[in-house]
Amino acid sequence: KAGVTQTPRYLIKTRGQQVTLSCSPISGHRSVSWYQQTPGQGLQFLFEYFSETQRNKGNFPGRFSGRQFSNSRSEMNVSTLELGDSALYLCASSLVRGRADEQFFGPGTRLTVL
Amino acid sequence: KQEVTQIPAALSVPEGENLVLNCSFTDSAIYNLQWFRQDPGKGLTSLLLIQSSQREQTSGRLNASLDKSSGRSTLYIAASQPGDSATYLCAVRGSARQLTFGSGTQLTVLP
């Protein structure tokens, strides 16, 4: 069974540009969450999608957005990139949206903003 | 607001030693706690999931315990190996549903 996949694995952008990251969850998983990991702040929750609807959102500016498609694949978009957006962006999927769900993470997308 | 603390931040042990990693959280109203492993530049690998109603979980040489009332969890690694070298993260899931992570313990197992 394939794990969570994320594309691209690496990205280099310049300030002011926008970027779209993609996440394909484990087959059958319907909930997708996104996290940002930086050396200074650690792992921080961005948002969660379930059944194509954003169910939960972390404390990030509106430049960070996402969506989920009918096949549960998800994309996140960051507009007007800032140097501080350089991070490892991790996607996690879980089977349903229950309290007991185990979350499985992908390999991440390393974003560098110059 | 939930806060998760992991002590120590870094640990270096000789191969074969048994070791304990600690995790504490401020809000005991959690649904579950997960331990992850992260290799440099990689994603997170789920090691163990403990539901709020459970006291411990075991997988191979790993054993995780949970004391929800005191806000503590431990990850016990038996007979450590150089391949166990990685950063270990604990995360709790509370009423807000997202995982709240600790800052991790960087483990080095020396051959």
Side-chain angles (χ1 to χ4, degrees), chain A residues 2-7 9-10 21 23-26 29 31-50 53-60 66 86-112, chain B residues 1-7 9-10 23-25 27-55 57-59 62 64 66 68 73 86-106:
Chain A
V4 178
T5 58
Q6 292 187 244
T7 57
R9 294 293 312 279
Y10 302 92
L21 313 181
C23 170
S24 293
I26 292 172
H29 283 197
S31 174
V32 173
S33 298
W34 289 88
Y35 293 82
Q36 181 197 64
Q37 186 177 30
T38 60
Q41 299 297 318
L43 274 150
Q44 294 185 288
F45 171 75
L46 281 157
F47 26 65
E48 177 196 10
Y49 285 88
F50 180 80
T53 302
Q54 187 180 92
R55 302 292 182 161
N56 198 3
K57 189 177 191 306
N59 189 25
F60 278 83
S86 294
L88 181 66
Y89 289 88
L90 293 162
C91 165
S93 76
S94 57
L95 189 59
V96 291
R97 198 174 173 262
R99 298 175 179 180
D101 295 350
E102 183 173 6
Q103 296 222 323
F104 297 90
F105 282 76
T109 294
R110 171 75 62 185
L111 172 64
T112 302
Chain B
K1 178 188 171 187
Q2 179 76 269
E3 292 183 2
V4 180
T5 303
Q6 290 188 246
I7 294 173
C23 172
S24 62
F25 46 95
D27 185 353
S28 62
I30 64 169
Y31 292 147
N32 58 42
L33 182 147
Q34 252 181 290
W35 281 95
F36 294 91
R37 167 189 173 137
Q38 186 175 33
D39 293 286
K42 308 288 187 182
L44 277 60
T45 300
S46 180
L47 298 173
L48 288 164
L49 170 71
I50 310 178
Q51 303 297 348
S52 61
S53 58
Q54 297 175 318
R55 296 285 293 185
Q57 281 286 347
T58 298
S59 176
L62 305 179
L66 174 64
K68 201 174 71 163
S73 175
T87 296
Y88 290 80
L89 295 150
C90 84
V92 298
R93 177 188 288 246
S95 58
R97 276 196 45 83
Q98 69 261 32
L99 291 174
T100 301
F101 284 85
S103 53
T105 294
Q106 186 174 354

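Since the structure is predicted, the reported quantities are computational estimates derived from the model, not experimental observations. In the text below, chain A, chain B and the rest are named by the order of the sequence lines, each starting its count at 1.
- Here CZ of A:R55 is found 15.0 Å from CD of B:Q98. Values are rounded to the nearest 0.5 Å.
- A:Q37 touches chain B through its side chain: at least one heavy atom from C-beta onward sits under 4.5 Å away, while N, CA, C and O do not.
- More than 12 heavy atoms of other residues, nucleotides or ligands sit less than 6.0 Å from atom NZ of A:K57.
- Here A:L90 contributes atom CG and B:Q38 contributes atom CD; the two are 6.5 Å apart, rounded to the nearest 0.5 Å.
- Every residue meeting the ring-ring contact (aromatic ring centres under 6.0 Å, His included) condition with A:Y49, not counting sequence neighbours, appears here in chain and number order: A:F47.
- In terms of heavy-atom proximity, A:F105 sits nearest to B:L44 at CB-O, 3.5 Å.
- Of all the heavy atoms in B:S46 and A:Q103, the pair that sits closest is CB-O, 4.1 Å.
- Only the side chain of B:L89 comes within less than 4.5 Å of a heavy atom in chain A; its backbone stays farther off.
- The shortest side-chain heavy-atom distance between B:R93 and A:D101 falls under the 4.5 Å cut-off.
- To the nearest 0.5 Å, the span separating CD on A:Q44 from OG1 on B:T100 amounts to 10.5 Å.
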